[in-house]
Amino acid sequence: MQTVQLVWFKRDLRVADHQALAQAAKLGTVLPLYVFEPDLWRQPEMDPTHFQFVCQSLQQLDRGLNDLGLRLHSFTGDVVEVLRGLQSQVVIESVHSHEETGGKWTYDRDLRVKAWLQASGIPWFEYPQNGVVRGLRNRDRWAATWKERMSQPIAPTPARIEGFVPKSSTPLPATPLPEANDLQLSLTKDADCQIGGESQAAAMLNSFLETRGSQYRSAMSSPITAQEQCSRLSPYIAWGCITIKQVYQAVRAKQMGIAEAKNMGVACSPAFSRSLSSFQSRLSWHCHFIQKLDDEPELEFRNLCRAYDGMREDDFRSDHFEQWCRGLTGFPMIDACMRYLHRHRWINFRMRAMLMSFAAYHLWLHWREPALFLAKFFLDFEPGIHFPQVQMQSGVTGINTIRIYSPVKQAMDQDPNGEFVRRWIPELEHVPKPFIFEPWKMSIDDQTRYRCRIGVDYPVPIVDHRTAVASAKDRIYTLRRSEQAISGAQQVYEKHGSRKNRDPLPKRRPRSSPESQLWLPGMEE
DNA sequence: AGTGCAGTTGACTTT
DNA sequence: TAAAGTCAACTGCAC
């Protein structure tokens, strides 16, 4: 039997800057492995669009591996079973993969894999692929460590790797990519998603740094401009088609380029520089959030600050939740964003925050169900960013300022002409500007004139903004002042709080802890 | 030309 | 990444 070094691909679907692949190649014959785990894809946060993106990425990964002389071997089933099966045909000398900060399901699966490998005497090497530090005690040196990590050289990709070739007498079982149906997933036909793959990721990065990113800072907040001018790298980073380190170093190179051009007297827009630094800080926030889930996996299910347990649990109204999910709340900006999300499986950071804040405060929904819904609809779903963010927008972390977004104000700020709202809510097509964000204020005559009867063509607002916000504030601030919440918040800060504005001495007391914009990197994108 | 005043702006506080 | 409210400084303008 042949001896192989197994490279287990997970959420790292690329060839470049792939330390696991580079290390395995040093040790001998490489067998690249991907395992479709039906049980994983049945988890409530997973969606067929994620699966589609992964399949697209895998096809490219296979081609990328082919260029190195390798072939991707993919199997469907439980990882331990797959490894066991492989073992009857090859000698697995070592397993190489990247550290993964996932949910409980992948965490438990990794424990099972670890146990099996240990029992079988096979060493498992795991490598970090971002700025997340395993077993971190506190955040004191975190920022510096992050920068060090990002400055490490890109993992070298050998030009040629000796790959495993099955003997014709004992071929590995043929396993074509499963169809979505095989995994009991139904693909949504009306979604218009970004296409997965390492080369798409590289192209996206290039166009952002060449042109699209020049106005990033000012364009990221409005859903209209964000679509083109945000980096749109988030799904690629989430599924590992590109690493944060690759992005960071490319941004650095671009910044140096701009500085150099400036020195030589070439005029360049100052906006681009500022946009790049703004983008760069979001790269670090990306890891900052994932670190939270890595340090405290339970926050996938429970409040970071336990003092808030029980605050919303008994108030869950499924009818409200349903209307929010479908974009039928009667608040035009909320509904427009939700419908946009349905179609594109992405929306910019600010609007994500607004959607979540509306669910948490206006509708007083516990974050868990909205989180699962949004996870499915974010093509860039990254557990380590998602759950901390959702909790933050719900006000249950203890350490963050309560931020309640006004759907009407956000609409006026981010969509001043109402073009976004009209585009995504055809019911409001003929409604003029004065009413576009508050159609319920139209008189019956106006409703007839503008062909939009409130309660018939477009919903009556699901809640009254003023009353709902007042009641939410009252409940959350009352709890926030409790002894339990105050001491709980202290503990959360010790472990998870950003140390950014702490040393040496802040000149002015910060009004709020400046958690940066970023979901997904989404960040905004 | 200085004064009073309503309305605006921005910094800061509170929730 | 919030929004609403306070307060003081500032502005334009009438007299």
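Residue numbers begin at 1 in each chain, while the letters A, B, ... track the order of the sequences.
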message = Let me confirm one number: the CD-CD1 distance from A:Q229 to A:I224, rounded to the nearest 0.5 Å.
response =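 Atom-to-atom, A:Q229:CD and A:I224:CD1 are 11.5 Å apart.
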
So, does [X] get its side chain near the phosphate of [N], meaning an N or O under 4.0 Å from OP1 or OP2?
X      : N      : value
A:K473 : B:dT15 : no
A:R481 : B:dT15 : no
A:Q393 : C:dA2  : no

ask   = Given that A:R466 and A:Y477 both sit by DNA chain C, which one's nearest nucleotide is further toward the 5' end?
value =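 With A:R466 and A:Y477 compared, the 5'-side residue is A:Y477.
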
Rounded distance in Å - [atom1] ([X]) to [atom2] ([N]):
X      : N      : atom1 : atom2 : result
A:K409 : C:dG5  : NZ    : P     : 13 Å
A:L355 : C:dA2  : CG    : P     : 15 Å
A:R480 : C:dA2  : CZ    : C1'   : 13 Å
A:I402 : B:dT14 : CD1   : C1'   : 13 Å
A:D474 : B:dT15 : CG    : P     : 12 Å
A:R475 : B:dT15 : CZ    : P     : 19 Å
A:M412 : C:dA2  : CE    : C1'   : 14 Å
A:Y405 : C:dA4  : OH    : C1'   : 16 Å

request  = Using the test salt bridge (Lys or Arg N to Asp or Glu O under 4.0 Å), find all partners of A:R252 that sit at least two apart in sequence or belong to another chain.
outcome  = none

query = So which pairs with a foot in residues 464-484 of chain A pass ring pair (Phe, Tyr, Trp, His ring centres under 6.0 Å), sequence neighbours left out?
reply = A:H362-A:H465

Pairing of A:K10 and A:D110 as salt bridge, 4.0 angstrom limit =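 A salt bridge links A:K10 with A:D110.
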
